[in-house]
Protein chains: 2
Amino acid sequence: MPQEGTFLRPGYKKGTTMADAKCPECQRINEVLSRVGDRWSVLIVISLAQYGVLRFNALKRHLGISQRMLSLTLRELERDGLVSRTYYPTIPPKVEYALTPLGESFQEPVKAMGLWAMDNLPNIDSARIKYDTEAEQEPKSA
Amino acid sequence: MPQEGTFLRPGYKKGTTMADAKCPECQRINEVLSRVGDRWSVLIVISLAQYGVLRFNALKRHLGISQRMLSLTLRELERDGLVSRTYYPTIPPKVEYALTPLGESFQEPVKAMGLWAMDNLPNIDSARIKYDTEAEQEPKSA
DNA sequence: CCGTATCCGATGAGATACTG
DNA sequence: CAGTATCTCATCGGATACGG
């Protein structure tokens, strides 16, 4: 088992170097973002916050995520203590995922992001359109 | 100019598909995260929030980011209306970056994330250690 | 049903060299 | 100083196939 992202040589540490950054605070933030800041983690946390408990395939359908990414991301979230996993050895087997207290606490800043997202997507969109339009207007010649 | 990520065929749209997700809310959140949710964007916003105005190389040194990623990320942030760029045609040239009002508003949820990050990195760390220890304990045989 | 293993294209990101 | 261009590699992520 190749341990998908366990130990990387200096200069490449899941996401970025930041080796010679002058800003130690940024390094720590970067470190946390490297752990729970990816898209799928955020979306899984949101889903679990909403529904309380979800089974593997329920999450899969809900998010439209591939089995592979769901499996990998859930394992990481469990490892980081944000998500609990409960296995029922029935036939067919059943596995339930839920937020731990740590996961619940993470849910709050995530929600803040989510709210901002909802409110400001239109602003971003119009900024883009304006930028792109102006860029077309003034090429080298013309 | 290959337009680094402008148009991708279905099944691959900067980050993820989410084509058949049952959850439309997740799709929107995913969309926003695809825009301003990457590590460098977040860290640049934090830096500008802290210092107000920064020049290109100042940001570069502060974050320990490569020229390439800084250039790309700043352009996206400017396009999305989060960052303003002011060019002074002096010799040598001088360019100043700062947050726009939209960028300032984004700074708040980002700060919430940052605070949570600072507070909970230790929790994540210990959860990891526990998880890894227990995993070693109970392999197939033993 | 709940995963894991493998294959493969797409994206992220540093290093380096060059221009105005 | 403030970038752009190119090269190279690591990681993300979907598709598929298989096992418990």
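Every chain is numbered from 1 and lettered A, B, ... according to where its sequence line falls, protein lines coming before strand lines. Quantities reported herein were computed from a predicted structural model and do not represent experimental measurements. The figures here come from the full heavy-atom set of this structure, side chains too, leaving out hydrogens, waters and symmetry mates.
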Ser126(B) side-chain N/O to Pro122(B) backbone N/O, donor-acceptor pair under 3.5 Å: yes

Contact list for residues 98-115 of chain A, test salt bridge (Lys or Arg N to Asp or Glu O under 4.0 Å), sequence neighbours left out: none

Residues forming a side chain to side chain donor-acceptor pair (under 3.5 Å) with Thr73(A), sequence neighbours excluded: none

Spacing between Arg39(A) atom CZ and dT11(D) atom C1', to the nearest angstrom: 13 Å

Phe56(B) side chain, from C-beta outward: closest of dA13(C), dA2(D), dA15(D): dA2(D)

Rounded interatomic separation in angstrom, taking CG from Leu33(B) and P from dG13(D): 12 Å

Residue Gln67(B), side-chain heavy atoms: nucleotide from dG14(C), dA2(D), dT4(C) that is nearest: dA2(D)

Expected output: side-chain Ser34(A) to main-chain Asn30(A) donor-acceptor under 3.5 Å: yes

Heavy-atom side-chain contact between Tyr87(A) and Val95(A) under 4.5 Å: yes

Base-pairing string, 5' to 3', of DNA chain D - Watson-Crick or wobble, under 3.5 Å, | interstrand: ||||||||||||||||||.|

Euclidean distance, atom CZ of residue Arg68(A) to atom C1' of dC18(D) [Å, nearest integer]: 16 Å

Contact residues, residues 81-96 of chain A to DNA chain C [heavy atom, < 4.0 Å]: Arg85(A), Pro92(A), Pro93(A), Val95(A)

N or O in side chain of Ser71(B) less than 4.0 angstrom from dT4(D) OP1/OP2: yes

Atom-pair distance (CG on Leu59(B); P on dA2(D)), nearest Å: 10 Å

Thr100(A) side, atom OG1; Leu48(A) side, atom CG - distance, nearest 0.5 Å: 10.0 Å

Closest-nucleotide ordering on DNA chain D, the 5'-leading residue of Thr73(A) and Arg55(B): Arg55(B)

Flag if over 12 foreign heavy atoms under 6.0 Å of NZ, Lys130(B): no

Rounded interatomic separation in angstrom, taking CG from Leu74(B) and P from dA13(C): 14 Å

Out of dG14(D), dC1(C), dG3(C), whichever nucleotide has its closest atom nearest the side chain of Tyr97(A): dG3(C)

Whole angstrom value for the distance that separates C1' of dG3(C) from CG of Leu77(A): 16 Å

Leu63(A) CG to dG13(D) P, straight-line distance once rounded to whole Å: 13 Å

Heavy-atom side-chain proximity of Leu115(A) to Pro109(B) below 4.5 angstrom: no

Pairs meeting criterion side chain to side chain donor-acceptor pair (under 3.5 Å) with involvement of residues 113-124 of chain B, two or more places apart: Ser105(A)-Trp116(B), Asn120(B)-Asn123(B)

For Glu31(B), all residues meeting side chain to side chain donor-acceptor pair (under 3.5 Å), sequence neighbours excluded: Arg35(B)

From dT4(C), dC1(D), dC12(D), nucleotide with atom closest to Met69(A) side chain: dC12(D)

Out of dT4(D), dG14(C), dA2(D), whichever nucleotide has its closest atom nearest the side chain of Arg75(B): dT4(D)

Whole-Å distance separating the CD atom of Glu76(B) from the C1' atom of dT4(D): 16 Å

